[in-house]
Protein chains: 4
Amino acid sequence: MRSFIEQARRAQIIGAAIETIAEHGYANASLARIAKHADISKGVISYHFAGKEELIEQVVTQVFSAIVEEVAPRVTAAPGPREALREHIIAVGEYVLAHRTQLMALSEIINGARSTEGKPLYGISSSEDLYESLELYFASGQDSGVFRHFDRRVMAVTLQSAIDGAFGYWVVHPEHDLAAHMTELADHIDRAVLADPA
Amino acid sequence: MRSFIEQARRAQIIGAAIETIAEHGYANASLARIAKHADISKGVISYHFAGKEELIEQVVTQVFSAIVEEVAPRVTAAPGPREALREHIIAVGEYVLAHRTQLMALSEIINGARSTEGKPLYGISSSEDLYESLELYFASGQDSGVFRHFDRRVMAVTLQSAIDGAFGYWVVHPEHDLAAHMTELADHIDRAVLADPA
Amino acid sequence: MRSFIEQARRAQIIGAAIETIAEHGYANASLARIAKHADISKGVISYHFAGKEELIEQVVTQVFSAIVEEVAPRVTAAPGPREALREHIIAVGEYVLAHRTQLMALSEIINGARSTEGKPLYGISSSEDLYESLELYFASGQDSGVFRHFDRRVMAVTLQSAIDGAFGYWVVHPEHDLAAHMTELADHIDRAVLADPA
Amino acid sequence: MRSFIEQARRAQIIGAAIETIAEHGYANASLARIAKHADISKGVISYHFAGKEELIEQVVTQVFSAIVEEVAPRVTAAPGPREALREHIIAVGEYVLAHRTQLMALSEIINGARSTEGKPLYGISSSEDLYESLELYFASGQDSGVFRHFDRRVMAVTLQSAIDGAFGYWVVHPEHDLAAHMTELADHIDRAVLADPA
DNA sequence: GATGAATGAGTATTCATTCAT
DNA sequence: GATGAATGAATACTCATTCAT
């Protein structure tokens with residue numbers, strides 16, 4: 001059981017890590033820079049986290065679960081798979097809009113963090129859960145005849161990539177209307193999954 | 001004018017860089033490791049390239065132009081925008097299948113290489129050309145009434161992301177049938193862009 | 001605010017730098033050599049100083065201000081410009097005799113330290129203050145009629161060069177009587193500046 | 001016996017070395033840079049000179065003997081030691097004015113070139129000849145009673161330093177009137193050496 | 001005679017981690 | 001709990017020299 005002050009320190013450090021990574025990129029986010037940003041000594045990080053790996057892992061889990069926490073209930077509340085799919089896209093878009101820094105950090109980590117042998121630590125391999133949950137909507141829609149037949153994994157990868165890509169584009173072009181982009185994307189996916197009219 | 005042996009060495013080093021980056025990731029691809037992989041002294045790289053930046057730049061341009069060289073003619077040969085779009089997706093998929101290592105290296109560089117201030121060197125911002133060329137198909141199809149009206153930039157970003165995502169998924173899951181994936185993706189896009197029947 | 005131990009380490013490193021530079025010359029005084037001389041790890045220097053530049057800068061300011069601190073009061077105490085001039089030469093000579101290593105290091109730095117483009121970092125251009133202070137004596141002596149009319153900048157450059165030269169000769173020929181040299185030099189300068197008898 | 005073409009090549013390389021050293025400083029004058037400046041391959045230098053040391057040595061000898069060649073006859077032609085001394089100063093000044101680059105290179109080498117152990121290669125220790133020749137004038141003047149009694153070595157060091165200092169100042173301040181400076185310096189030295197009137 | 005290629009030791013600097021206080 | 005200090009390996013890059021062609 002962690003003490004309260006311990007938890008507060010960890011939260012503070014995680015927050016500083018997020019901001020530092022978002023601003024300078026994963027490769028340039030040394031512990032020294034994160035510590036400086038948090039206005040604490042370098043040693044504090046080592047004291048509260050087993051190593052850099054654990055800190056990064058905490059950042060990922062925290063950001064990731066925050067998204068799920070917000071998006072999941074909205075999707076669940078949708079009346080059917082078609083609406084759920086649309087809601088998923090829109091909800092993620094809104095979350096991203098409101099938490100740019102966190103998502104930038106997450107994105108940085110996902111394609112920057114590597115094991116000592118060079119393998120991605122949080123890459124696509126760790127998105128299995130995500131794909132599976134998307135596939136549930138697809139299956140449900142296909143079973144009820146609303147969606148046409150298609151490979152669910154391919155669609156899941158396509159959708160997830162398109163969402164990531166929208167975010168990535170918006171980060172580089174902040175004037176881009178992300179909400180409208182997501183609405184358009186929802187339309188495209190809708191057309192791609194919908195069963196042909198009899 | 002570069003001597004023949006000079007060109008050969010540069011090609012060898014570029015090849016070694018591609019393999020090293022693909023295997024160990026961009027961040028772990030130090031000049032020392034690349035040199036070791038090529039079984040040459042570290043200094044040779046410095047001798048033939050102005051710096052790491054130039055080497056990476058050469059890798060990017062080489063891989064990138066090789067793709068364009070193969071894909072472009074096939075797309076151009078398509079009878080109409082709808083076929084061109086499908087051909088683009090299929091052709092890229094086939095190229096990627098045949099040149100996994102090169103594309104992995106390219107992907108690594110694109111989301112790993114940063115300027116000293118942490119900004120991506122070859123990121124989305126440099127994909128503008130790519131987006132614009134995709135938009136040309138879309139515009140052509142829309143003008144002829146084959147494609148429905150949609151935001152061309154959003155569709156370009158979506159398609160490109162979906163292609164990248166397919167590749168990324170296949171890298172992690174080499175048993176995944178990439179060719180089939182691309183065919184499916186082509187179908188999805190086809191449905192997303194096609195004009196509604198009168 | 002620097003901690004005590006921090007100050008001590010910095011002083012130790014500065015001391016090691018002075019000795020290393022004096023012994024091996026500026027060009028051969030790498031951080032590695034300085035660290036070895038101080039019997040510490042290379043990283044310690046980087047930890048306590050922003051870079052080599054800052055270390056060298058500290059050496060220069062420290063040695064330089066130590067000289068001024070000792071020489072200035074003695075000169076100020078002189079009854080007139082003629083005596084002040086003599087006292088300046090004698091006092092510098094005595095200081096140099098007692099701090100050979102430090103002065104050798106200073107001299108090494110002054111004509112060894114270069115910017116990346118090759119321009120001296122602490123060269124003659126930064127001696128402006130020194131020349132101006134010498135010119136004040138000359139002006140004072142000329143105004144009171146003790147000194148004859150001469151170009152004050154030329155005399156300042158000449159005097160400073162002669163002092164530097166005496167030091168340089170003594171470094172190479174340690175058996176040379178530097179004190180006597182300085183007394184002679186004071187006589188020469190005295191003759192050079194004195195007004196002709198009526 | 002060196003062939004004509006061999007001599008020409010050596011002269012070309014020496015010239016390039018002089019210009020490179022004068023422009024970029026001794027420390028930044030790598031063989032690569034010198035070769036580039038001469039528009040020849042790096043290997044050529046190694047072919048014609050045993051090593052960097054020999055090249056530098058040749059530069060020093062060449063520049064140095066060129067000065068002596070010009071100055072010596074003018075001094076020898078002077079009617080007496082007093083005039084010879086003045087002529088020495090003026091002649092050196094004029095030579096320096098007309099051969100700035102060569103002298104800058106010489107100066108760079110004198111206080112930049114070091115043996116592997118860090119000892120100066122062309123420093124004061126190698127000026128013994130120069131001092132001795134100056135001392136001859138002084139002795140001659142003292143013997144004839146024109147000059148007062150003073151330590152000849154101290155005076156030689158002083159004069160030589162003052163000349164070097166004038167040059168160094170002029171390099172940094174090219175608008176400085178070097179000729180006038182030398183005339184003033186000649187006056188100062190004259191006063192310093194002259195016997196007191198009976 | 002001349003060249004371009006290659007080497008290996010050397011440069012300053014950065015960094016995650018460890019540890020005594 | 002927290003800190004500043006220290007480490008040692010790793011980074012890209014430079015350079016004088018050697019050598020086969």
Side-chain angles (χ1 to χ4, degrees), chain A residues 3 5-6 8-9 27-35 40-56 116, chain B residues 2-6 8-10 13 27-35 38-56 116, chain C residues 2-6 8-10 13 27-35 38-56 116, chain D residues 3 5-6 8-9 27-35 40-56 116:
Chain A
S3 75
I5 182 164
E6 163 84 7
R9 262 286 195 239
N28 294 6
S30 66
L31 290 190
R33 229 201 282 234
I34 294 170
I40 56 176
S41 150
K42 242 189 325 179
V44 186
I45 301 181
S46 299
Y47 183 79
H48 288 282
F49 296 87
K52 196 181 188 182
E53 282 199 14
E54 200 216 333
L55 170 57
I56 297 304
T116 344
Chain B
R2 291 194 207 286
S3 73
F4 173 72
I5 180 163
E6 161 89 9
R9 260 290 192 240
R10 281 175 68 98
I13 293 168
N28 296 10
S30 64
L31 290 189
R33 224 195 288 233
I34 295 170
D39 211 41
I40 54 176
S41 145
K42 241 184 340 172
V44 184
I45 301 182
S46 296
Y47 179 77
H48 289 281
F49 295 88
K52 195 181 188 182
E53 278 197 18
E54 199 214 335
L55 172 55
I56 297 304
T116 342
Chain C
R2 291 194 207 284
S3 74
F4 173 71
I5 180 164
E6 162 87 8
R9 259 292 191 241
R10 282 175 67 98
I13 294 169
N28 296 9
S30 66
L31 290 189
R33 228 201 279 238
I34 293 171
D39 210 39
I40 55 176
S41 147
K42 238 186 339 173
V44 183
I45 300 181
S46 296
Y47 179 78
H48 289 281
F49 294 87
K52 196 181 188 182
E53 279 197 16
E54 199 214 336
L55 172 56
I56 297 304
T116 340
Chain D
S3 75
I5 182 164
E6 163 85 7
R9 262 289 194 236
N28 295 6
S30 65
L31 290 190
R33 216 180 315 215
I34 294 171
I40 56 175
S41 149
K42 242 188 328 177
V44 186
I45 300 181
S46 298
Y47 183 80
H48 288 282
F49 295 86
K52 197 181 188 184
E53 281 199 14
E54 200 216 333
L55 170 57
I56 297 304
T116 345

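Letters A, B, ... mirror the listed sequences (proteins, then strands); counts begin at 1.
As a whole-Å value, the separation of C:Ile56 CD1 from E:dT13 P is 10 Å. Rounded to whole Å, atom P of F:dA16 lies 4 Å from atom NZ of D:Lys52. In this structure, A:Phe49 atom CZ and E:dT18 atom C1' are separated by 18 Å, rounded to whole Å. A straight line from CZ of B:Arg9 to C1' of E:dG4 spans 12 Å, rounded to a whole angstrom. Taking atom CD1 on C:Ile13 and atom C1' on F:dA6, their separation rounds to 10 Å, with Å as the unit. To the nearest angstrom, P of F:dT3 lies 16 Å from CD of C:Glu6. B:Ile34 has its CD1 atom 14 Å from the C1' atom of F:dC13, to the nearest Å. In this structure, D:Leu31 atom CG and E:dA2 atom C1' are separated by 16 Å, rounded to whole Å.
A 3.5 Å limit on both hydrogen-bonding distances identifies F:dA9 as the Watson-Crick or G-U partner of E:dT14. In this structure, F:dT18 and E:dA5 make a Watson-Crick or G-U wobble pair, each of the two defining distances being under 3.5 angstrom.
Nearest-nucleotide mapping onto DNA chain F: of D:Arg33 and B:Ala29, the residue sitting toward the 5' end is B:Ala29. Taking for each of B:Ser46 and C:Lys42 the nucleotide of DNA chain F with the nearest heavy atom, the 5'-most of the two is the partner of C:Lys42. Between C:Gly51 and B:Ile5, the residue whose closest nucleotide on DNA chain E is further toward the 5' end is B:Ile5.
Atom CD1 of A:Ile34 is separated from atom NZ of A:Lys42 by 12.0 Å, given to the nearest 0.5 angstrom. D:Lys52 NZ to D:Ser46 OG: the interatomic distance, rounded to the nearest 0.5 Å, is 11.5 Å.
OP1 or OP2 of E:dA6 has not a single side-chain nitrogen or oxygen of B:Ser41 nearer than 4.0 Å. For F:dA5, the OP1/OP2 oxygens have a side-chain nitrogen or oxygen of C:Tyr47 closer than 4.0 Å. Taking 4.0 angstrom as the limit, B:His48 places none of its side-chain polar atoms (N or O) nearer than this to OP1 or OP2 of E:dG4.
Rounded to the nearest Å, the gap between the C1' atom of F:dT21 and that of E:dG1 is 13 Å.
Residues D:Ile40 and D:Arg9 are in side-chain contact: their nearest non-hydrogen atoms beyond the backbone lie under 4.5 Å apart. Between C:Thr116 and D:Asn28 there is no side-chain heavy-atom pair separated by less than 4.5 Å.
Under a cut-off of 6.0 angstrom, the local environment of CD in C:Glu53 is sparse, with at most 12 non-hydrogen atoms contributed by other residues, nucleotides or ligands.
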